[in-house]
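Before any comments, here is the structure.
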Amino acid sequence: MYPNATYSQLPDPVHQRAFYESVALKRGMAWVIDTMIVALLVFIALLFTAFLGVFIFFAIWLVVSFGYRVATLATGSATWGMRLMAIEFRDWQGQRFGLPQALLHTLGYTVSVSFAPLQIVSIVCMLATERGQGLTDLALGTVALNRRAL
């Protein structure tokens, strides 16, 4: 969707390869960590509903996961799992995510994980594209990078 010239504000994947090294693997590990965090938050929500929430478990999971991802992406351009893995998202101009990008990226992620074929294609894209972008990243012009040293 975005031509290479549009990515001019992002590190070049050929000449600045360090920004992209192992990002796909780190994203996978971050996803596992984030899933555990969401599971803990859902369990806490179930406690507050005296476990009656088990009847709408998937709805609770969806709302908690969506809220967690939007909140963490909007405040730090990375989920807590991504922060532990030292990666963060940048938009096509090289800027950190704000609330609009966090909402759109989370919506794209939610659609992708809701349909197994889309998620499989997204994972293949992360492994095969030069910037390691999934379907949502390609659609929005976003990229996950190794975090710069402070």
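Everything numeric in this text was worked out from a predicted model, so none of it was measured.
If you take CH2 on Trp80 and CG on Asp34, they are separated by 9.5 Å, rounding to the nearest 0.5 Å. To the nearest 0.5 angstrom, Thr35 atom OG1 is 9.0 Å from Tyr68 atom OH. The CG atom of Leu104 sits 9.5 Å away from the CG atom of Leu99 when rounded to the nearest 0.5 Å. For the atom pair Thr106 OG1 and Leu73 CG, the distance stands at 5.0 Å (nearest 0.5 Å). For the atom pair OG1 (Thr136) and NE2 (His105), the distance works out to 5.5 Å, reported to the nearest 0.5 Å.
When every heavy atom of Ala74 is checked against every heavy atom of Ala102, the shortest pair comes out as N-CB, 3.6 Å. When all heavy atoms are compared, the tightest approach of Ser122 to Gly134 is OG-CA, 3.4 Å. Considering every non-hydrogen atom in both Gly53 and Ile60, the closest pair reads O-CD1, 3.5 Å. The shortest heavy-atom contact between Ile33 and Gly81 is CG2-CA, 3.7 Å. Across all non-hydrogen atoms, the minimal contact from Leu10 to Gly94 is CD2-CA, 3.6 Å. Nearest heavy atoms, Ala24 versus Leu127: CB-CD2, 3.9 Å.
Looking at heavy atoms from C-beta onward, Phe66 lies out of side-chain contact with Val38 at the 4.5 angstrom threshold. In this structure the side chain of Phe51 reaches within 4.5 angstrom of the side chain of Phe43, judged on heavy atoms. The side-chain heavy atoms of Val143 and Asp137, taken from C-beta on, include no pair separated by under 4.5 Å. Within the 4.5 Å cutoff, no side-chain heavy atoms of Leu140 are placed close to those of Gln101.
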| request: Begin from the C-alpha positions of Leu145 and Tyr20 and carry the test side-chain contact (heavy atoms from CB on, under 4.5 Å) through to its verdict. | output: CA-CA 6 Å; Leu145 300 171; Tyr20 301 97; 3.3 Å; yes
| Which is it for Thr79 and Trp31 under the side-chain contact (heavy atoms from CB on, under 4.5 Å) test, yes or no, and what are the steps along the way? | CA-CA 9 Å; Thr79 62; Trp31 180 84; over 6 Å; no
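Clustering of Ile, Leu, Val, Met, Phe, Trp and Tyr side chains at separations under 4.5 Å places Val121 together with Val111, Phe115, Leu118, Leu135.
Residues Leu41 and Phe58 share a hydrophobic cluster, clusters being chains of Ile/Leu/Val/Met/Phe/Trp/Tyr side chains in contact below 4.5 Å. Follow the hydrophobic side-chain contacts under 4.5 Å out from Met126 and you never reach Val14; the two are in separate clusters. Hydrophobic clustering keeps Leu52 apart from Ile56 (ILVMFWY residues linked when any side-chain heavy atoms are closer than 4.5 Å, directly or through intermediates). Cluster annotation: Val32 is connected to Tyr109 through the hydrophobic network of ILVMFWY side chains, with a link wherever side-chain heavy atoms come within less than 4.5 Å. Residues Leu40 and Leu47 do not share a hydrophobic cluster, clusters being chains of Ile/Leu/Val/Met/Phe/Trp/Tyr side chains in contact below 4.5 Å.
Judged by distance alone, the side chain of Ser65 and the main-chain N or O of Leu62 form no donor-acceptor pair under 3.5 Å. At distances below 3.5 Å, at least one donor-acceptor pair connects side-chain atoms of Asn146 with backbone N or O atoms of Glu21.
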What pairs of donor and acceptor atoms, side-chain ones from residues 82-89 against any protein atom, are under 3.5 angstrom apart with sequence neighbours left out?
unit_1, atom_1, unit_2, atom_2, d
Arg83, NE, Ala78, O, 3.0
Arg83, NH2, Thr72, O, 2.8
Arg83, NH2, Ala78, O, 3.0
Glu88, OE1, Arg96, NH2, 3.1
Glu88, OE2, Arg90, NE, 3.2
Glu88, OE2, Arg90, NH2, 2.7

